[in-house]
Amino acid sequence: MHDARALIDMGAEAVRRLARRGYTLDLSELESLHSRRNQNIRSADELRAESKRVASEVQQTAKQGGDITKLKERARELKEQIREIEAGQEQIEAQLRDLLLSIPNLPDDSAPDGDSEEFAVEVRRVGTPPAFPFEPKDHVDLGEATGILDFGRATKLSGPRFAVSRGAGAALERALATLFLDLHTRRHGYVEYAVPYLVTRKTMTGTGQLPKFEEDLFKTGVADRELFLIPTAEVPLTNLYADEIIPPAELPLALTAHTPCFRSEAGSYGRDTRGLIRQHQFAKVEIVRIVDPADADAELENMIGHAEACLKELGLAYRVVKLAAGDTGFSAQLTYDIEVWIPSQNTYREISSISNFGTFQARRANIRTRGEDGKPKLAATLNGSGLPIGRTLAALLEQCQQQDGSILLPESLVPYLGFRRISADGTPEA
């Protein structure tokens, strides 16, 4: 969410930057609403001051035995005018808030031009994609052949875009989550949280999922209580500090959680609807940092390294790209994607997005710290996937597959699994 005055003061610069992400800022509408709001506030303050003077005159005149009829009539007129202005003010405030909530974050100027993944700029590649002396299978065929994944029964239970993992597959999911949490808490300094999976509309609004992306969310409720299933642990983790002032000495805050995530994935189709790439429910380890705005750029680089460490531990080939301004998420000002190699698709696919939101989310959620002068100021927020379990599992199965149909897993998982290989029939083997 933006400060209206700041956008107006930026003027053409705000229009230019938002246009890079395909958003047309109606500056005249914003200026009009902001001006009307301020004029209403001034008018209401003037009327309240006059009402206070008239009330005082009524008391003095009554004490002196004078006629207060006209004064009382004027007092009633003022109260009615104040009510009318306040009602109008509520409407203007709501219109202004709705407009500001709909305006995406200003993209960083370092983000390349463009509006799709085709315009992303590659930063680096790590590892060499495996070369197979056979035609590699995709993770769906591998998972079903070994019996560790069952999409048919998942569809029977819940419909399409769900998965059931079994035996070594379920153990592998658990091992991945534990490995990632251990890396983040023991090596990277994050504090692990267990958080609610159902949150309020206010909480969803704080991180930018609402109001714009309501159709992408699963919603539930009992009686008049409305709750949303989280699309990512970013939502509860960031909002833990909503409406709080964080002492500067406590920054940066580093938070992580392993949660299920629920998304409608409206608009996705084709290859992404097969297997574990885009599901309605999936598990993910999320990393979030709340920092002083001056430190946000450096913290973003740190977080990219934290997510990369997970892939390095698994020996998976991947690359890092900087997203184009028009392909950056609504709340983010700058995003890097980490894309893992998927052999069956002969390409890199996104497995983690790490974003700097600047003060955008903090303004919406009212997350503050203090400046050197001791006065409250907005904090900055960042988040990233570190990592999603399903997509990591898909990449592991495909990159680690053997010609005999078995899966040879990385050594780093053995302490968590107790086995190194999944045989062609799904049996765990040392």
Show me the donor-acceptor pairs, under 3.5 Å and distance only, between side chains in residues 223-232 and residues at least two apart or in other chains.
from: E226; atom 1: OE1; to: R201; atom 2: NE; distance (Å): 2.9
from: E226; atom 1: OE2; to: R201; atom 2: NH2; distance (Å): 3.0
from: T232; atom 1: OG1; to: E234; atom 2: N; distance (Å): 3.1
from: T232; atom 1: OG1; to: K284; atom 2: NZ; distance (Å): 3.0
from: T232; atom 1: OG1; to: E286; atom 2: OE2; distance (Å): 3.3

Considering residues at least two apart in sequence or located in another chain, which fulfil the salt bridge (Lys or Arg N to Asp or Glu O under 4.0 Å) criterion with R370?
none
Salt-bridge contact E93-R37 (side-chain N to carboxylate O under 4.0 Å):
yes
According to side-chain contact (heavy atoms from CB on, under 4.5 Å), who are the partners of S110, at least two apart in sequence or on a separate chain?
D108, K322, L334
Name all pairs fulfilling the side-chain hydrogen bond (donor to acceptor under 3.5 Å, both in side chains) condition that reach into residues 247-260, sequence neighbours left out, sorted by first residue then second.
none
So does R263 pair up with D216, basic N to acidic O under 4.0 Å?
no
Could you tabulate the donor-acceptor pairs under 3.5 Å formed by side-chain atoms of residues 7-16, not counting sequence neighbours?
from: D9; atom 1: OD1; to: R5; atom 2: NE; distance (Å): 3.1
from: D9; atom 1: OD1; to: R5; atom 2: NH2; distance (Å): 3.1
from: E13; atom 1: OE1; to: R16; atom 2: NE; distance (Å): 3.1
from: E13; atom 1: OE2; to: R16; atom 2: NH2; distance (Å): 2.7
from: R16; atom 1: NH2; to: D109; atom 2: OD1; distance (Å): 3.2

For H188, check side-chain hydrogen bond (donor to acceptor under 3.5 Å, both in side chains) against everything at least two apart and list the hits.
H184
By side-chain contact (heavy atoms from CB on, under 4.5 Å), P196 pairs with (sequence neighbours left out) none
Qualifying residues under salt bridge (Lys or Arg N to Asp or Glu O under 4.0 Å), relative to E118, sequence neighbours excluded:
none
Residues forming a salt bridge (Lys or Arg N to Asp or Glu O under 4.0 Å) with E173, sequence neighbours excluded
none
According to salt bridge (Lys or Arg N to Asp or Glu O under 4.0 Å), who are the partners of K202, at least two apart in sequence or on a separate chain?
D243
Name all residues meeting the side-chain contact (heavy atoms from CB on, under 4.5 Å) criterion together with D138; count only those two or more places apart in sequence or in a different chain, and write none if there are none.
V140, D141, R274, S344, E398
Listed by chain and number, what are the side-chain hydrogen bond (donor to acceptor under 3.5 Å, both in side chains) partners of H2, not counting sequence neighbours?
none
